Number of protein chains: 2
Amino acid sequence: MSNFEAFFDYIQEISGKPLSEDDEQLLMAHFKPKKFRKRQYFLQEGDVCKYIGFIVKGSARTYTVDDKGHEHILKLSLENWWLADFESFYKLTPSRFNIEALENLEVLQSTNAQIEEFLKDIPAFSAMANVISQNNTIATQKRMQTAMSYTAEERYEDLISNYPQFLQRFPQNMIASYLGLSPETLSRLKKNSSK
Amino acid sequence: MSNFEAFFDYIQEISGKPLSEDDEQLLMAHFKPKKFRKRQYFLQEGDVCKYIGFIVKGSARTYTVDDKGHEHILKLSLENWWLADFESFYKLTPSRFNIEALENLEVLQSTNAQIEEFLKDIPAFSAMANVISQNNTIATQKRMQTAMSYTAEERYEDLISNYPQFLQRFPQNMIASYLGLSPETLSRLKKNSSK
DNA sequence: ACTTTGAATTGACCTATATCAAGCGTATTT
DNA sequence: AAATACGCTTGATATAGGTCAATTCAAAGT
């Protein structure tokens with residue numbers, strides 16, 4: 001099934017290890033294809049994040065709502081990324097986040113218990129998990145540094161060079177929220193930087 | 001050696017698995033005790049972070065210097081925490097960070113290559129690594145959310161409730177930098193919140 | 001086709017926080 | 001003990017970015 005081909009390629013590429021026939025059978029048996037329509041929620045605040053999803057197609061945003069009712073986007077996700085609130089997923093505690101499909105979304109999803117099995121039984125999967133966790137540590141640290149040390153304009157420039165796809169795929173107000181800016185500020189900032 | 005006792009306890013507690021005699025011998029053979037005096041650097045910008053250190057005693061800060069020459073503290077570290085720039089450590093690339101001892105510092109340190117061995121050979125060590133990586137993911141996500149959604153004052157309150165030790169161990173200007181504030185702002189903020 | 005909704009832009013104004021500067025007290029250094 | 005440096009506070013001022021409101025335009029729903 002073509003859904004899974006991209007998934008298998010991804011695992012092998014990231015992990016640097018091959019998947020056997022059996023491995024692939026096992027993954028297919030326990031990763032369920034699931035579709036979400038635009039605006040639908042993969043996860044809602046207060047719920048436990050029971051599933052982790054691998055995005056086959058589409059996009060999503062992870063956001064919180066603060067006391068004043070303002071939304072803050074923490075993550076924007078595209079194809080070949082994992083979708084979950086990891087805190088809730090690992091600890092099975094209620095999530096503080098919402099994960100909403102921004103375009104029609106297709107994922108392959110599985111549960112925490114299943115993932116534990118894969119980690120034990122599939123060397124490529126376990127190697128992948130380690131690489132992802134490293135990358136994740138690095139990326140979050142970078143983002144934190146960027147948020148602390150750079151001005152709004154520098155953060156926008158940084159986004160353009162690191163994730164140019166974002167500009168194509170996400171509306172500007174989402175990008176603004178992801179950068180920690182009001183939509184107005186981002187709009188003005190673009191006008192000035194083009195001069 | 002009492003240095004190692006605390007280290008072994010830590011590994012077993014975090015991982016939930018026991019260390020055998022052999023495991024402990026192996027760790028002692030390849031984790032080297034190292035001391036740094038206050039103000040000494042564990043890592044300097046531009047160098048590769050060859051070692052990861054487990055803090056037995058003392059404290060340190062991880063910071064960058066931006067284009068305008070301003071320092072930004074990304075991490076404040078105390079006993080039973082790991083000390084490294086993980087990006088540089090994993091990838092063996094030059095670091096953008098400085099890690100400086102804020103008090104006299106005692107660590108147990110080892111290299112990337114050795115850590116790989118431990119992960120393979122010591123189940124408790126590998127389990128610990130997974131837990132730490134999960135915790136780390138969760139903590140950074142939380143910090144990111146806090147930085148984005150909260151005002152300076154709320155971030156300070158948050159720090160007080162999550163890391164009360166910090167107030168005892170770190171000077172106020174370091175705390176300010178960690179919170180992304182100028183020392184003046186933090187000073188004023190304390191005055192107002194006590195009212 | 002008509003209506004509604006929502007994204008983007010622009011202007012006027014406001015506020016949180018930074019910056020600059022001075023003064024004070026307490027560690028550190030010599 | 002004197003000298004120096006450094007951390008903290010306080011005041012005056014500057015500024016980046018937020019908020020509120022109005023307008024335009026395009027997309028989506030009926």
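Numbers restart at 1 for each chain; the letters A, B, ... are given by sequence-line order, proteins then strands. A quick note: this is a predicted structure, and the numbers were derived from the prediction, not measured. FYI, side chains are in, hydrogens and waters are out, and symmetry mates aren't considered; it's all heavy atoms of this structure.
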Asks: Atom CG of B/Asn192 to atom P of D/dT9: distance rounded to whole Å?
Replies: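 Result: 12 Å.
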Asks: What residue among B/Phe42, B/Phe54, B/Tyr51 forms ring pair (Phe, Tyr, Trp, His ring centres under 6.0 Å) with B/Trp82?
Replies: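 It is B/Phe54; the other options fail the test.
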Asks: Between A/Glu71 (CD) and D/dT19 (P), how many Å, whole number?
Replies: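 Between P of D/dT19 and CD of A/Glu71: 13 Å.
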Asks: Identify, between A/Tyr150 and B/Gln172, the residue whose nearest nucleotide on DNA chain D lies closer to the 5' end.
Replies: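 First, find each residue's nearest nucleotide; the 5'-ward one identifies B/Gln172.
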Asks: What does the inter-axis angle of the helix from C/dA1-D/dT30 to C/dT30-D/dA1 come out as, five pairs per end, nearest 10 degrees?
Replies: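 Axis angle across the helix from C/dA1-D/dT30 to C/dT30-D/dA1, nearest 10°: 60°.
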Asks: In whole Å, what is the span from the NZ atom of B/Lys190 to the C1' atom of D/dG7?
Replies: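 For the pair B/Lys190 NZ and D/dG7 C1', the rounded distance is 11 Å.
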Asks: Can you name the closest pair of heavy atoms from B/Ser110 and B/Gln114 and give their distance?
Replies: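 Taking B/Ser110 first and B/Gln114 second, the nearest heavy atoms are OG-CB, 3.1 Å.
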Asks: May I have the distance from B/Leu189 (atom CG) to D/dT9 (atom P), rounded to whole angstrom?
Replies: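 Computing the B/Leu189:CG to D/dT9:P distance gives 11 Å.
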Asks: Are A/Thr185 and D/dG17 close enough that a side-chain N or O sits under 4.0 Å from OP1 or OP2?
Replies: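 False: A/Thr185 side-chain N/O out of range (4.0 Å or more) of D/dG17 OP1/OP2.
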Asks: How about A/Lys75: does its NZ atom have over 12 heavy atoms from other parts shown lying under 6.0 Å from it?
Replies: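 More than 12 heavy atoms, drawn from other residues, nucleotides or ligands, come within 6.0 Å of this atom.
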Asks: Is the base of D/dC20 touched by the side chain of A/Glu184 through a donor-acceptor pair closer than 3.5 angstrom?
Replies: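 Pair found.
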Asks: For a quick check, tell me whether the side chain of A/Arg188 and the base of D/dT19 share a donor-acceptor pair closer than 3.5 Å.
Replies: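 Such a pair exists between side chain and base.
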Asks: Is any N or O donor-acceptor pair between the side chain of B/Arg155 and the base of C/dT17 shorter than 3.5 Å?
Replies: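 Check fails, no donor-acceptor contact within cut-off.
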Asks: Shortest non-hydrogen contact from B/Glu79 to B/Gly58?
Replies: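 Smallest interatomic distance, heavy atoms only, reads OE2-N, 2.9 Å.
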Asks: Whole-Å distance between C/dT17 P and B/Leu179 CG?
Replies: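 Interatomic distance, CG of B/Leu179 to P of C/dT17: 11 Å.
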Asks: Taking the six-membered ring for Trp, are B/Phe125 and B/Phe31 parallel (under 30°), tilted (30 to 60°) or perpendicular (over 60°)?
Replies: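 Because their plane-to-plane angle lies in the 30° to 60° range, the rings of B/Phe125 and B/Phe31 count as tilted.
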Asks: Between A/Arg39 and B/Leu181, which residue's closest nucleotide on DNA chain C lies nearer the 5′ terminus?
Replies: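 The residue closer to the strand's 5' end, by nearest nucleotide, is A/Arg39.
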Asks: Does atom CD of B/Glu117 have more than 12 heavy-atom neighbours from other groups under 6.0 Å away?
Replies: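 Enclosed: over 12 neighbouring heavy atoms sit under 6.0 Å from CD of B/Glu117.
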Asks: Do any side-chain nitrogens or oxygens of B/Lys191 fall under 4.0 Å of OP1 or OP2 in D/dT10?
Replies: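 Yes, within the criterion.
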Asks: Does B/Asn173 make a side-chain N or O approach to OP1 or OP2 of D/dC6 shorter than 4.0 Å?
Replies: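 So the side-chain polar atoms of B/Asn173 never come under 4.0 Å of the phosphate oxygens OP1 or OP2 of D/dC6.
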Asks: Distance check needed: D/dG7 C1' versus B/Leu186 CG, whole Å only.
Replies: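 Whole-Å distance recorded here is 12 Å.
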Asks: Could you check B/Ala152 against B/Lys38 and say which one's nearest nucleotide on DNA chain C is further toward the 5' end?
Replies: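 Per heavy-atom nearest nucleotide, the more 5' residue is B/Ala152.
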Asks: Give the rounded distance in Å between these two atoms: NE2 of A/His70 and C1' of D/dT19.
Replies: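 For the pair A/His70 NE2 and D/dT19 C1', the rounded distance is 8 Å.
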Asks: To the nearest Å, how far apart are B/Glu153 CD and C/dA18 P?
Replies: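 Spelled out: CD on B/Glu153 to P on C/dA18 is 14 Å.
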Asks: Salt bridge or not between B/Glu100 and B/Lys38? Use side-chain N to carboxylate O under 4.0 Å.
Replies: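 Looking at B/Glu100 and B/Lys38, the cut-off is not met.
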